[in-house]
Amino acid sequence: MATTEKGFSAALNARIEGSGTETIVFAHGYGTDQSIWDKILPLLAENYRLVAFDWPFAGTVKDQSLYDPLKYSSLEGFADDLVTLVNEMNLRDVTFVGHSMSGMIGCIASVKRPELFKRLILVGSSPRFINSDDYEGGFGSSDVEQLLSNIETNYENFTSAFASLIADPINDVVVDKYEKCLKRMRAEVALSLAKTIFYSDWREILDKVETPCTIIQTKKDAAVPHNVALYMENKIKGKVTLEIIDTTGHFPQLTAHLKFVEVLKGALGSS
């Protein structure tokens, strides 16, 4: 049975379910909400204490004033929120599972408050999305400019095109779920947040991350090339394990949820 929280965590729809000595905190990525974990949580609730919540940009958060474009012009604003949430819920020594942008948020928070985090699970995460001379992020500057223009000029069209690109394009159920989540996010929030994500460069924080990490990557992810996972594996200071799941797209928790849970349990038992 899930229990809901009070204060800041309540505003983010935080809930706790399951039981066990290990606490796992799940954080979703751009354009989604905590429902992205719905296939995962029931398979873990018997043995683990699970925390899920929505970031302020999610369409499921009632108080729209929580999303402050200035505060969230950097992922550091989200990292501060994560620390606040963990403290308010009296959590310590957690395993943090961060999907996409939330992987980097977890890295930043673990550097700020290492005692709060036992391990990080980084799912389809990237420190930088734009290519440079010595780095393959997956997007050219013109790609990002076009993406931002599409959000600004026709958000409805953007949601369907972006969902098809980022989710597994042959999996209509996953594409449809992501598109519906994107549509629940306000267009002005989607634009502001996309700028934060795509213009971020957090490569230099990786060698400050000492918390043990497991990187989970799919075989083909249009948002995060395989080389990014290898880069992170090489640069993160602490112990790192890279796990490749044999599925396509940016959402292994949806397209290969049983394998995802298997990999997650392996990571939980590794230290």
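We count residues from 1, following the sequence as given. Given the structure is predicted, the values throughout are model-derived calculations rather than measurements.
- Donor-acceptor pairing under 3.5 Å is lacking for the side chains of D33 and H28.
- Side-chain contact check for K118 versus R92: every heavy-atom pair is 4.5 Å or farther apart.
- Cluster membership for I244 and I216, using ILVMFWY side-chain heavy atoms within less than 4.5 angstrom, is shared.
- At distances below 3.5 Å, not a single donor-acceptor pair connects side-chain atoms of S192 with backbone N or O atoms of E188.
- The side-chain heavy atoms of V83 and L116, taken from C-beta on, include a pair separated by under 4.5 Å.
- I215 and Y135 fall within the same hydrophobic cluster, where Ile, Leu, Val, Met, Phe, Trp and Tyr residues are linked whenever their side-chain heavy atoms come under 4.5 Å apart, directly or through other members.
- Both L258 and W37 belong to a common hydrophobic cluster when Ile, Leu, Val, Met, Phe, Trp and Tyr are linked at side-chain heavy-atom distances under 4.5 angstrom.
- In terms of heavy atoms, P252 sits closest to I245 at CB-CD1, 4.3 Å.
- A salt bridge links R15 with E17: the closest approach of a Lys/Arg side-chain nitrogen to an acidic carboxylate oxygen falls below 4.0 angstrom.
- Under a 4.0 Å N-O distance rule, the pair R128/D201 qualifies as a salt bridge.
- Side-chain contact between M104 and I205 is present, with heavy atoms from C-beta onward closer than 4.5 Å.
- In this model, no donor atom of one side chain and acceptor atom of the other lie less than 3.5 Å apart for T248 and K220.
- The backbone N or O of E145 lies less than 3.5 Å from no partner atom in the side chain of S149, so there is not a single donor-acceptor pair.
- The distance from the CG atom of L165 to the OH atom of Y178 is 9.5 Å, given to the nearest 0.5 Å.
- For E210 and K239, the salt-bridge test fails: no basic side-chain N is under 4.0 Å from an acidic carboxylate O.
- Inspection of the K177 and T32 side chains reveals no N or O donor paired with an N or O acceptor under 3.5 Å.
- In this structure, K180 places its NZ atom where only 12 or fewer heavy-atom neighbours from other residues, nucleotides or ligands lie under 6.0 Å away.
- A donor-acceptor distance shorter than 3.5 angstrom exists from the side chain of E88 to the backbone of F8, with no hydrogens or angles considered.
- Heavy-atom contacts from other residues, nucleotides or ligands closer than 6.0 Å to NZ of K259 number 12 or fewer.
- For the 3.5 Å distance criterion, the side chains of T255 and N171 fail to qualify, holding no donor opposite an acceptor.
- No hydrogens or angles considered: nothing links the side chains of S141 and D143 as a donor-acceptor pair under 3.5 Å.
- Remark: the backbone N or O of E204 is paired with a side-chain donor or acceptor of K208 at under 3.5 angstrom.
- Within the model, atoms CG of D221 and OG1 of T218 stand 4.5 Å from one another, a figure rounded to the nearest 0.5 Å.
- At a cut-off of 3.5 Å, with distance as the only test, a side-chain donor of S100 or H250 sits close to an acceptor on the other residue.
- Ring-plane geometry between F129 and F198 is classed as tilted, the angle between the planes lying from 30 to 60 degrees on a 0 to 90 degree scale.
- Taking the six-membered ring for Trp and the full ring otherwise, the centers of Y30 and H99 sit at least 6.0 Å from each other.
- The cluster map of Ile, Leu, Val, Met, Phe, Trp and Tyr, joined by side-chain heavy atoms under 4.5 Å apart, puts V175 and I151 in different clusters.
- Here the shortest heavy-atom pairing between V61 and A11 reads CG1-O, 3.7 Å.
- For Y155 (side chain) and R186 (main-chain N/O), no donor-acceptor pair under 3.5 Å exists by modelled atom type.
- One distance of note links CG of D54 with OG of S9; it measures 12.0 Å at 0.5 Å rounding.
- With hydrogens and angles disregarded, no donor-acceptor distance shorter than 3.5 Å links the side chain of Q217 to the backbone of L230.
- The distance between the ring centers of Y72 and F57 does not fall below 6.0 angstrom.
- Residues E136 and N131 bring no donor and acceptor atom of their side chains to less than 3.5 Å of each other.
- Counted by atom type alone, S126 and W202 present zero donor-acceptor pairs between their side chains at under 3.5 Å.
- Between E22 and R119 there is a salt bridge, with a side-chain nitrogen of the basic residue lying less than 4.0 Å from a carboxylate oxygen of the acidic one.
- Under 4.0 Å is where a charged nitrogen must lie from a carboxylate oxygen, and between K71 and D80 no such pair does.
- Distance check, rounded to the nearest 0.5 Å: CZ of F78 to CE of M101 gives 4.0 Å.
- Contact check for F260 versus V123: side-chain heavy atoms found under the 4.5 Å cut-off.
- With rounding to the nearest 0.5 Å, the separation of OG in S102 from CD1 in I108 is 10.0 Å.
- A 4.5 Å side-chain heavy-atom check between Y199 and V144 finds at least one atom pair inside the cut-off.
- Checked by atom type and distance alone, the side chain of K39 pairs as donor or acceptor with a backbone atom of L254 at under 3.5 Å.
- Annotation: side chain of L191 is in contact with side chain of L148 (closest heavy-atom distance under 4.5 Å).
- Using a distance-only test at 3.5 Å, with no hydrogens or angles considered, no donor-acceptor pair links the side chain of S125 to the main chain of L122.
- Within a 6.0 Å sphere centred on CD of E115, heavy atoms belonging to other residues, nucleotides or ligands number more than 12.
- Between F53 and W55, the two ring planes are perpendicular [angle over 60°; tilted spans 30° to 60°].
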